[in-house]
Protein chains: 2
Amino acid sequence: MTQERHGPRERMVFSAAQLIRRGGVTATGMREVAAHARAPRGSLQHYFPGGKEQLVNEAVAWAGRYAGRRVARFLAGLDEPTPSGLFAAMAAQWTEEYTADGFAAGCPVAAATVDAAACADSTREAAAAAFATWRQPVAGALADMGVPAARAEPLATLMISTLEGAILMARAERDVRPLTTVVRELGPLLDAAVRPRPA
Amino acid sequence: MTQERHGPRERMVFSAAQLIRRGGVTATGMREVAAHARAPRGSLQHYFPGGKEQLVNEAVAWAGRYAGRRVARFLAGLDEPTPSGLFAAMAAQWTEEYTADGFAAGCPVAAATVDAAACADSTREAAAAAFATWRQPVAGALADMGVPAARAEPLATLMISTLEGAILMARAERDVRPLTTVVRELGPLLDAAVRPRPA
DNA sequence: GCGCTACTATGACCGCTGTCATAGTCGGAC
DNA sequence: GTCCGACTATGACAGCGGTCATAGTAGCGC
C-alpha cells in the first residue's frame with residue numbers, strides 16, 4: 001500500500017487519508033501523519049504551509065480521485081457491464097478489505113464530512129468536490145450501460161449514498177452483512193433502469 | 001429543543017448527542033457539553049464516573065432510541081402507510097432541519113462510528129446497538145405494511161444505509177438534493193416489496 | 001571556495017483536553 | 001443542634017494538539 005517510490009509529500013497526503021479513514025480528522029495529529037509516512041516532521045510545514053487544513057483537504061481530494069479512478073477499473077473487471085455489477089464491485093472492495101484487515105477504517109470523505117464543524121469550511125468544500133469526482137464516472141458508466149441520461153446522475157447519487165451508509169453500518173456492527181444486503185436489494189432496481197439496448 | 005424540565009443528567013446526555021452530531025466525538029469536549037447543557041461542570045464526574053466514554057455511549061444510545069421512536073410517529077402521520085411514505089418521512093425530517101437550521105449537524109450514531117478508532121470499543125458497540133434499535137421498528141413497520149418477513153430486515157437495512165449516506169452527501173454539498181433524490185429513486189423499489197394485501 | 005535553494009531537524013509556545021483531588025453547599029433525617 | 005448523602009464548585013495536573021522560530025544540512029550552479 002505504502003509505495004516508497006512516491007515522494008515524501010505524496011506519502012504524507014496518503015498517510016493523512018489513511019489515518020483520517022480510521023479515526024476522523026480531529027483524532028489524527030500532524031506528527032502522527034509524518035510518523036506514519038516515515039517523513040520528517042519538519043517537512044510538514046514545508047510542504048503544507050497551509051497547515052493541517054491544507055493537508056486534510058488534499059487528503060480528501062486524493063480520496064475522491066482514487067474512488068473515481070477505481071470505477072474504471074471495476075468496469076474493466078466486469079465481463080458484461082451492468083449497473084448492479086458495478087455496484088457489487090464497489091461494495092466488494094469494502095467487504096474484501098473488512099474480511100482481510102478488519103473494520104478499522106471507513107471512507108475518508110465521510111470522516112471529513114462528519115468532522116465538519118471541527119474543520120474549516122474549505123474542508124467541507126473539498127468533501128463535496130470529492131463526492132462529485134466520485135459520482136461523475138459512476139454516472140458516466142451508467143449512461144454507457146444504457147441508463148437514460150436523466151437518471152444516470154440520480155442513480156449514481158443513490159449508489160454512493162447507499163454504499164456510504166452500508167460502510168458505516170458495517171463498521172459499527174463489525175459485519176459485512178449491511179454491504180452484502182444492500183447489494184442484493186438494490187441490484188434489481190439499478191438494472192431495471194437500463195433501457196433496452198439495440199442488440 | 002432543550003427542555004429545561006429534564007434533569008441535568010438527561011440534559012448533558014442530550015447535549016452530548018447534539019454536539020457529537022456537529023463535530024464528532026473527539027472534537028466534543030466534556031466542558032463544552034456541560035456548558036451547552038447549562039449544567040455544572042462538577043456534575044460530570046458525579047453523573048458519569050465512567051468519564052467521557054460513558055457519556056458518549058449514553059448519548060449514542062439515546063440517539064438510537066430517539067430514531068426508533070420517531071418511526072412510530074412517522075407512521076402515525078401517514079394517511080395510508082407505505083414503505084416509500086415512511087422512507088420519505090424519515091428523509092423529510094432531515095430536509096426540514098437542513099433548510100431551517102443549516103447543514104451543521106448530522107447523525108450522532110454515524111459520527112460516533114466514524115470516530116471509532118478514537119473511541120473505546122464500547123462506543124462502537126453502542127453504535128451497533130443504536131442501529132439495531134433504529135432498524136427494528138422500521139423492519140416491523142415494513143412487515144405490517146405487507147412486506148414479506150424475509151425482506152423486512154434487509155429493506156430496513158437498505159433504507160437506513162441509504163438515508164445515512166444521503167445525510168452525509170447533503171451535509172458535504174450543503175444541499176438537500178441527495179436526500180430528495182434517494183427518496184424519489186428508492187421509493188418504487190420499496191413499495192414493490194409489498195405483497196398484495198387482502199382488500 | 002561562495003551563494004542559493006530545497007529540505008530537514010528541533011525545541012518551545014500556548015491552548016485545550018480528560019481526569020483527579022479537594023473543598024464547599026445544600027437539604028433532610030432524627 | 002449533628003450527621004450524612006447528594007450534588008456543586010474550583011483548581012491543578014499531565015498530556016497532546018497545531019504552529020511558529022530558528023538552526024542545520026544537502027545538493028548544485030558557478
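As the structure is a prediction and not an experimental result, all values here were calculated from the model.
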Judged by modelled atom types alone, do B:Thr123 and B:Glu53 share a side-chain donor-acceptor pair under 3.5 Å?
no

With distance as the sole criterion, is a donor-acceptor pair present between the side chains of B:Glu58 and B:Gln54 under 3.5 Å?
yes

Would the distance check show the side chain of A:Arg21 and the main-chain N or O of A:Cys107 forming a donor-acceptor pair, the cut-off being under 3.5 Å?
no

First-last contacting nucleotides on DNA chain C - partner chain B, under 4.0 angstrom, heavy atom:
C:dG18 to C:dA21

Are there over 12 heavy-atom neighbours, none belonging to B:Arg177, within less than 6.0 Å of that residue's CZ?
no

Atom CE of B:Met30 and atom P of D:dC16 are separated, to the nearest Å, by 18 Å

For DNA chain D, determine which residues of residues 46-56 of chain A have any heavy atom closer than 4.0 angstrom to one of its atoms, and list them numerically.
A:Gly51, A:Lys52

Between A:Glu173 and A:Pro178 the two heavy atoms that sit nearest each other are OE1-CG, 3.8 Å

A:Arg31 CZ to D:dG18 C1': how many Å, rounded?
7 Å

In whole angstrom, what separates A:Leu44's CG from D:dG17's C1'?
13 Å

Residues, nucleotides or ligands: over 12 heavy atoms within 6.0 Å of B:Gln136 CD:
no

Could you tell me whether the side chain of A:Thr82 and the main chain of A:Gly85 form a donor-acceptor pair under 3.5 Å?
yes

Determine the contact category for B:Thr26: base if any of its heavy atoms lies under 4.0 Å from a base atom, sugar-phosphate if only primed atoms, P, OP1 or OP2 are that close, otherwise nothing.
nothing

Modelled atom types, side-chain donor and acceptor of B:Thr26 and A:Thr26, under 3.5 Å
no

